[in-house]
Amino acid sequence: PARIVGRLAGDRLVPYYSRGDIDGGGALRGRGLEIAYLADPVEVFFLQVQGSGRLQLEDGTTVRVQFDGKNGHPYVSLGRHLIEEGLLTEDQASMQEIRMLLAAMGETERQERLNVNPSYTFFRFETGGPYGSLNVPLTPGRSVALDPAVFPKGAPALLLSRKPDLAKDGTVRGWSPFCRIVLCQDAGGAIQGPGRVDLFCGAGAPAEAVAGRMKEPGRLFFLLKRKV
C-alpha cells in the first residue's frame, strides 16, 4: 500500500530531488514551474510544513495555495534538529522561536538548517478550502490530522488537552484545558504513529499564535457505535 515517488534517469527510477537539491542546488530552476515567489524562504518552509495557506500579493490581494504533491523524501523535524544542536531548548521549540532563530542566521547557514528536512511540498492555486487529505474543507478548531494507517478516516473523536491563552501582544499568559469533538479529516508526512495529532486552528495571526505553540500532551477518544 506504500506510495513511491521518484524520477526517471534514463530507464532507471531514482529518488526525486531533495530540498537541498531544489532550493540549494537549483535542480528545478529554469523550467517555469513556479507559481509565486515569496519574500522569505523561512515562510516557504513553514508553508510546506502546513500543507496549505494564503499568499498576500504585492497588490494586496490574497490567493489560496493547496497541497499538490511531495518529493517522496521522509519528513525530518527542524525543531528537533535545533534542540539536538543546542540552539533551542524543549520549551523554546515553537514555530515562533524557530522563525526568530533562523532570521538571525546568515543566508548560507539558514539554508543548511532548512535542508535538514529533505521533504518538499508542491502547491497549486485553489479556491475554497483549505482541504484535508479527504478533499473536504477543514473546520478551524474541529478538524485534526492523524496517521491514516492507524486511525479511521473521517471518524469523530473526543480531544482533551490544553491550549495557550494569549495576551493582546501575542505572548502566552497561561494555559487552559479544553475538551471538544473533532473529526479525522487530514494527514501529513510528520503525522505518524498513534501518538501524534495535529489540530487545525484556522488562518490569521491569532490562529498562528496558538498553532505555533501547541505541542501539548492530551487524550483522544474515538467514538464508535455501540454493539447491541
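Basis for what follows: all heavy atoms, side chains included, without hydrogens, waters or symmetry-related copies.
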Answer whether the closest heavy-atom distance between the side chains of [X] and [Y] falls below 4.5 Å.
X: N115; Y: Q111; value: yes
X: V65; Y: F125; value: yes
X: L47; Y: L55; value: yes
X: E90; Y: L88; value: no
X: L138; Y: Q185; value: yes
X: Q48; Y: V44; value: yes
X: C179; Y: L158; value: yes
X: T62; Y: L57; value: no

Please set out all donor-acceptor pairs under 3.5 angstrom arising from side-chain atoms of residues 202-212, sequence neighbours excluded.
| from | atom 1 | to | atom 2 | distance (Å) |
| --- | --- | --- | --- | --- |
| E208 | OE2 | R99 | NH2 | 3.0 |

Tell me whether [X] contacts the main-chain N or O of [Y] through its side chain, where contact means a donor paired with an acceptor under 3.5 Å.
X: N71; Y: Y17; value: yes
X: H73; Y: Y120; value: no
X: E126; Y: R64; value: no
X: S94; Y: R213; value: no
X: R196; Y: L146; value: no
X: R110; Y: M105; value: yes
X: R19; Y: V116; value: no

Which pair of heavy atoms, one from [X] and one from [Y], lies closest together, and at what distance?
X: Q66; Y: Y131; result: NE2-O, 2.7 Å
X: P130; Y: F200; result: CG-CZ, 3.7 Å
X: L199; Y: R142; result: CD1-N, 4.2 Å
X: I83; Y: A93; result: CD1-CB, 3.7 Å
X: V14; Y: A9; result: CG2-CB, 4.0 Å
X: V76; Y: P118; result: CG2-CD, 3.7 Å

Test log, rule side-chain contact (heavy atoms from CB on, under 4.5 Å), inputs L78 and F45: CA-CA 10 Å; L78 174 60; F45 181 87; 3.7 Å; yes
Evaluate whether atom CD1 of I4 has more than 12 neighbouring non-hydrogen atoms of other residues, nucleotides or ligands under 6.0 angstrom away.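 No, CD1 of I4 has 12 or fewer neighbouring heavy atoms, counting only those of other groups under 6.0 Å.
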Using atom types as modelled, flag every donor-acceptor pair under 3.5 Å from a side chain in residues 215-228 to any protein atom, sequence neighbours excluded.
| from | atom 1 | to | atom 2 | distance (Å) |
| --- | --- | --- | --- | --- |
| E216 | OE1 | R162 | NE | 2.6 |
| E216 | OE1 | R162 | NH2 | 3.1 |

Inter-residue atom distance [X].[atom1] - [Y].[atom2], 0.5 Å rounding:
X: D147; Y: C184; atom1: CG; atom2: SG; result: 9.0 Å
X: E107; Y: E112; atom1: CD; atom2: CD; result: 11.0 Å
X: F122; Y: I22; atom1: CZ; atom2: CD1; result: 4.0 Å
X: L114; Y: H81; atom1: CG; atom2: NE2; result: 9.5 Å
X: S133; Y: I191; atom1: OG; atom2: CD1; result: 10.5 Å
X: D198; Y: S143; atom1: CG; atom2: OG; result: 12.0 Å

Are [Y] and [X] connected into the same hydrophobic cluster when the rule is that any two of I, L, V, M, F, W, Y join if their side-chain heavy atoms are below 4.5 Å apart?
X: W175; Y: L159; answer: yes
X: F123; Y: V63; answer: yes
X: F178; Y: V182; answer: yes

Strictly below 4.0 Å, N to O, side chains only: are R80 and E85 in salt-bridge contact? no
Which is it for L87 and L101 under the side-chain contact (heavy atoms from CB on, under 4.5 Å) test, yes or no, and what are the steps along the way? CA-CA 8 Å; L87 298 174; L101 178 64; 3.8 Å; yes
Are V49 and Y75 close enough, and set up right, to give a side-chain contact (heavy atoms from CB on, under 4.5 Å), and what steps lead you there? CA-CA 9 Å; V49 172; Y75 175 87; 4.2 Å; yes
